[in-house]
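Every chain is numbered from 1, with letters handed out A, B, ... down the list of sequences. Since we're looking at a predicted model, the values are computed, not measured.
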Amino acid sequence: GRGREEKKVEEEEEEEEEEGWHGLYPGHIPTSPLQKALLAAGSAVMALYDPYRHDMVAVLGETTGCLALPNLRDKMKHHPEGYRILQERPRIRLSTLDMSRLRGLPDGSLGREYVRFLEDNKVSPDTRMPPKFVDDEELAYVIQRYREVHDLMHTLLGMPTNMLGEVVVKWFEAVQTGLPMCVLGAAFGPIRLSARKLQVLATELVPWAIRSGLNASCVLNVYYEQRWEQPVESLREELGILPPP
Amino acid sequence: MAAACRLWRRPGRALLAGPGAAPRALRGLAQGPELHFGFQTVTEEERREKIYQVFESVAKKYDVMNDSMTLGIHRIWKDILIHKMNPSPGTLLLDVAGGTGDIAFRFINYVRSVRERQLQRKLKHHQNLSWQEIFESYQKDKCNSLGDSQVVVCDINREMLKVGKQKAQHLGYSEGKSCVVPCLSWVLGNAEELPFDDDKFDVYTIAFGIRNVTRIDLALQEAYRVLKPGGRFLCLEFSHVSNPVLSRLYDLYSFQVIPVLGEVIAGDWKSYQYLVESIRRFPPQEELKEMIEDAGFFKVDYENLNFGIVAIHSGFKL
């Protein structure tokens, strides 16, 4: 916006050093530890109360990820592909994806199945919330990457975007990333499921998701944008994701 | 103590303007192009635009947020305002920045109950009337349940007015189609330049709105203009807490909790950050009193509510 690009920043005696309106990255809102705690609590309650508040799930992830995010970042740093991702900072967005090209890829390839997943479930990669409360610019990218890769997780695991599918993916992600938000989502998500679905969940899907999560290498270390042609099966095998039940 | 402070010391809070700037220049008296938007420094036009956007985005959750932030106490403040006004039937009220209608609805309720008591007293003195005559007098008074009182809600923001109109319908204030004069009207207008003629209203109120006006002096002048001689100006607004202990607690609550509430309830941190900053920037009680006097009002006075968290300023046009 107009007024926000105010570059003139004067030092005030009583104030600490200033980051300007932008903080460390566009959209960054610096917060005190107390505010983060309140946000974490508030967003957790609100996310349970109104499951359509995806922004609250996002905020919960940001405010509770202070241990898990550096961990993830380090995993990425120590892996050649992950390191490249951190350097190049690719973004999965409709503007950066060549949808027609992906649609033209053979069935069973990552690109084709990803587009099919988006269309079947009527979702778009552009609806992911940008981070606001992460106080490190690189970690903000890591969580952004995690969010944008979420739909690819669905594709790799073959799970739809209904409540059941989301919970399964959350279990997988919880094991993979250790993000408290995933753990909470995995634990509390099933609350709203019917008994029958809960049974399927408990007996088949969750054990499979956990085993896959433990077995698989870090999913953030895959440069998906360079692997659209790769068959999903082959990518699953490479990562170590067990065949879905 | 210092360590405890670090828990809520916000990293990189937005700055106040440079040390050389005279505070008065930033309080809506338009000296030079620099004005404040919360703790930011912007031009006049930018400020109006930013504030418009704030209220556009908060409109739907405005009432919910008010209840959460003030734990419902804002209702009591508004009740006190109406009681202080003590309107009699036949009063013509202009509620500026009245957005979602809180003051207007309270005014209508108050006048209605005063009117009812009036009618009851009238009936008591006319107990010799036949039941038919009593029934006919009901018909006559049905349209006059407010005793010709009217309220005009004026707001600069379309979204807020929309929410207000919906609320009115929902709460049943929109009847009166059978009445000759509508008791409740919604007008889009700017407090700095009201679309009304001189000497029109008995009472002018602005509740939690004057803080958002870019040129407060103009708004006060306009208030003076549209009021009838003998008319009353009433302003309900956040003000300054002089008690140091309370002030610190209030600051803590304002800066730490309110933006979080804004994010969690309305999904909008920035608007509520603006809110608490704009409260800090607003002139304190005495200064606002002087500004009101400058506009020509007499017998200007103020009443602190909750130790100065909120203040009601009152003045008369003579």
Side-chain angles (χ1 to χ4, degrees), chain A residues 1-50 52-60 62-63 129-137, chain B residues 3-21 33-54 61 64 68 251-274 276-277:
Chain A
R2 285 155 17 215
R4 287 148 124 249
E5 255 58 75
E6 300 284 304
K7 290 292 170 63
K8 208 172 61 170
V9 167
E10 297 158 64
E11 300 263 273
E12 266 281 308
E13 309 89 72
E14 56 232 25
E15 298 291 315
E16 305 124 320
E17 359 106 26
E18 173 59 37
E19 291 139 316
W21 195 240
H22 270 185
L24 297 168
Y25 49 87
H28 181 215
I29 298 174
T31 43
S32 66
L34 177 60
Q35 284 175 321
K36 285 201 179 64
L38 291 171
L39 271 173
S43 60
V45 170
M46 191 51 106
L48 278 175
Y49 174 72
D50 184 358
Y52 289 102
R53 289 291 301 273
H54 299 297
D55 61 324
M56 287 292 101
V57 177
V59 169
L60 182 61
E62 287 167 36
T63 49
M129 298 268 325
K132 290 199 283 254
F133 303 111
V134 181
D135 288 335
D136 177 302
E137 190 258 329
Chain B
C5 274
R6 285 208 60 74
L7 212 66
W8 59 73
R9 213 89 209 274
R10 270 199 57 229
R13 212 161 92 189
L15 279 182
L16 299 166
E34 299 281 279
L35 290 168
H36 60 90
F37 175 73
F39 286 162
Q40 267 191 308
T41 308
V42 296
T43 64
E44 221 175 86
E45 213 18 71
E46 282 169 341
R47 188 175 191 270
R48 278 197 195 93
E49 164 107 26
K50 276 164 134 47
I51 289 175
Y52 192 92
Q53 284 165 1
V54 163
K61 297 266 174 123
V64 173
S68 322
D251 279 352
L252 183 71
Y253 178 74
S254 295
F255 282 100
Q256 298 300 313
V257 179
I258 287 184
V260 173
L261 280 176
E263 179 70 24
V264 171
I265 296 175
D268 191 345
W269 175 286
K270 296 230 162 116
S271 294
Y272 289 90
Q273 180 72 39
Y274 159 73
V276 296
E277 288 175 358

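- Every residue meeting the side chain to side chain donor-acceptor pair (under 3.5 Å) condition with D251(B), not counting sequence neighbours, appears here in chain and number order: R280(B).
- For F133(A), the part lying near chain B is the side chain, with the backbone staying farther off; criterion is any non-hydrogen pair under 4.5 Å.
- Counting all heavy atoms, side chain and backbone alike, L38(A) lies closest to V257(B) at CD1-CG2, 4.0 Å.
- Smallest separation of non-hydrogen atoms from S32(A) and Q256(B): OG-OE1, 2.5 Å.
- Rounding to the nearest 0.5 Å gives a distance of 5.0 Å between NZ of K270(B) and CD1 of I29(A).
- The CD1 atom of I258(B) sits 11.5 Å away from the CD atom of Q35(A) when rounded to the nearest 0.5 Å.
- In terms of heavy atoms, M56(A) sits closest to E263(B) at CE-O, 3.2 Å.
- Y274(B) is linked by a side chain to side chain donor-acceptor pair (under 3.5 Å) to N212(B), counting only residues two or more places apart in sequence or in another chain.
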